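Numbering of ligands and ligand atoms starts at 1, following listing order. Computed from a predicted model, the values in this text were never measured in an experiment.
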Amino acid sequence: MTVKTRFAPSPTGYLHVGGARTALYSWLFAKSQGGEFVLRIEDTDLERNSQEAVDAILEGMQWLGLEWNEGPYFQTQRFDRYNEMVDKLLAEDKAYKCYASKELLDEVRAEQEANKEMPRYDADHPKIKAVNEAAKEGDPCVIRFRNPKSGSVVFDDQIRGRIEISNSQMDDLIIRRTDGSPTYNFCVVVDDWDMGITHVIRGEDHINNTPRQINIYEALGAPVPTFAHCAMILGDDGAKLSKRHGAVSVMQYRDMGYLPVALNNYLVRLGWSHGDQEIFSQQEMINLFSLNAISKSASAFNTDKLLWLNNHYIKTSEPEYVAEHLQWHLDQKGINKNNGPVITEVIKLVGERCNTLVELADQIAYFYHDFDAFDADAAKKHLRGVAKEPLELALAKVEALSEWTTENLHQVIADVCTELEIGMGKIGMPLRVAVTGGGQSPSVDAVMQLIGKERVVARIKMALAFIAEREANAQ
Ligand code: GLU
């Protein structure tokens with residue numbers, strides 16, 4: 001039997017990290033079993049759903065690289081099928097029409113509460129029975145599923161273990177509303193059956209639906225899939241992760257400069273483990289993933305760890321991969337990568353210093369665009385009168401260089417130190433501020449090599465002009 005999993009978001013907003021983790025687990029489980037992964041959009045709640053949300057979910061899934069083998073299916077396009085199945089259950093007397101009005105149901109409920117009984121729909125309540133018997137064909141009604149009255153539903157949740165719920169705790173669920181629309185729990189079952197889903201991996205907020213759904217599978221004569229309900233994600237304060245903890249939308253993580261591999265690695269560990277291992281390549285995740293290693297208890301989101309992983313992946317990923325994801329940030333900041341050195345070379349040099357792609361984009365701007373002012377603090381400290389002579393000598397040597405290599409530039413700096421009998425800092429820092437505009441960069445010889453001779457020469461001249469002006473003003 002081919003394993004088939006699905007991710008079934010309701011398009012009420014962006015793809016949030018909780019949903020993304022569920023999607024990742026479903027995707028990983030399918031991959032780990034050589035199976036297939038289905039994307040289904042549960043868009044039956046017309047008031048709360050929007051096309052924008054559908055687009056945002058697809059964008060998030062694509063950005064994370066969670067490719068689906070089938071879909072996206074849309075529940076709103078499958079109403080005929082759901083209704084066909086409602087009619088089948090009706091014909092088999094596994095469902096029935098109920099004509100009780102809302103007022104009557106409220107009245108019965110109040111009565112049950114007064115009698116300290118569990119408030120529930122009771123088809124055998126004399127008042128409800130009377131209404132249903134008196135109704136005529138064509139009167140407005142809902143269709144209710146005839147839930148078994150005795151026994152219990154038992155299932156082996158792959159994460160939480162064996163779960164047993166007595167049928168006496170479940171009432172006859174509405175499967176078609178008065179307006180003819182099928183209801184959520186029913187649609188999910190028909191979909192999972194039709195789509196051949198073997199493993200339903202979803203959030204534990206759905207665990208109460210599962211026994212009801214299992215009864216519907218059985219009534220339809222459909223095989224019951226295996227279930228795995230994942231625990232919640234909490235914020236750092238122990239409350240359920242929400243907007244007030246900061247970013248919750250996957251695309252916000254793109255905006256903040258995370259790599260999808262880092263977010264995936266972070267999310268897989270958030271509730272799943274393989275010993276103490278923290279770093280998993282995608283292939284490793286696929287090879288090692290198993291449902292029973294998912295934690296039963298809630299996990300807390302830890303931004304520091306995510307940052308650490310992001311730095312790891314910026315440092316160790318193929319620079320082409322980093323470049324692909326950096327592009328969006330370059331566009332945001334108006335940095336044109338064609339206006340300077342090959343971006344992958346710059347990434348190799350600067351990447352390891354950065355925790356996010358936002359930082360990386362900020363730190364490489366000077367390779368591609370000239371600046372019209374030096375960082376004020378760095379200039380104040382390093383572009384002073386004492387730097388004039390070393391910078392002039394460096395300029396002359398740089399201009400005279402015939403081969404523009406990091407080694408030769410390194411030698412230029414060493415020669416300036418020897419000839420002027422100064423320490424490295426006396427030329428290194430002024431040169432760094434001159435060519436990068438600021439006080440922080442990787443090794444300045446390598447930086448100059450990538451920036452290129454023309455720009456380096458012009459920038460040292462700009463630094464010298466700055467020093468001259470400063471000296472003039474001081475007099
Ligand atoms: N549409 C549901 C949700 O977004 C998921 C239902 C399911 O996975 O069965 O929470």
Seminar exercise, completed: Nearest non-hydrogen protein atom to atom 8 (O) of ligand 1, with distance, is R6 NH1, 2.6 Å
Seminar exercise, completed: re atom 10 (O) of ligand 1, the protein heavy-atom contact at minimum distance is H206 NE2, 2.8 Å
Problem set entry | Region of Y184 engaging ligand 1 - heavy atom pairs below 4.0 Å | side chain
For this session: Could you tell me whether F29 and W272 have their ring centroids closer than 6.0 angstrom?
Result: no
Exercise. Looking at the rings of F289 and Y25, which for Trp means the six-membered one, are their centres under 6.0 Å apart?
Worked result: yes
Problem set entry | Basic-acidic side-chain contact under 4.0 Å: R6, D191 | no
Exercise. Mind checking whether P9 has an N or O less than 3.5 Å away from an N or O of ligand 1?
Worked result: no
Exercise. Any N/O of R202 closer than 3.5 Å to an N/O of ligand 1?
Worked result: yes
Exercise. Can you check whether K127 reaches E111 side chain to side chain, under 4.5 Å on heavy atoms?
Worked result: yes
For this session: Kindly indicate whether the side chain of M256, heavy atoms from C-beta on, has any atom under 4.5 Å from the side chain of T356.
Result: no
For this session: Applying salt bridge (charged side-chain N to carboxylate O under 4.0 Å, His left out) between D171 and each of R120, R144, R212, R109, report the one that passes.
Result: R212
For this session: May I ask you to list the atoms of ligand 1 that are less than 4.0 angstrom from any heavy atom of E42?
Result: 1 (N), 2 (C), 5 (C), 6 (C)
For this session: State the atoms of ligand 1, each with its element, that fall below the 4.0 Å cut-off from a heavy-atom position in S10.
Result: 1 (N), 2 (C), 3 (C), 4 (O)
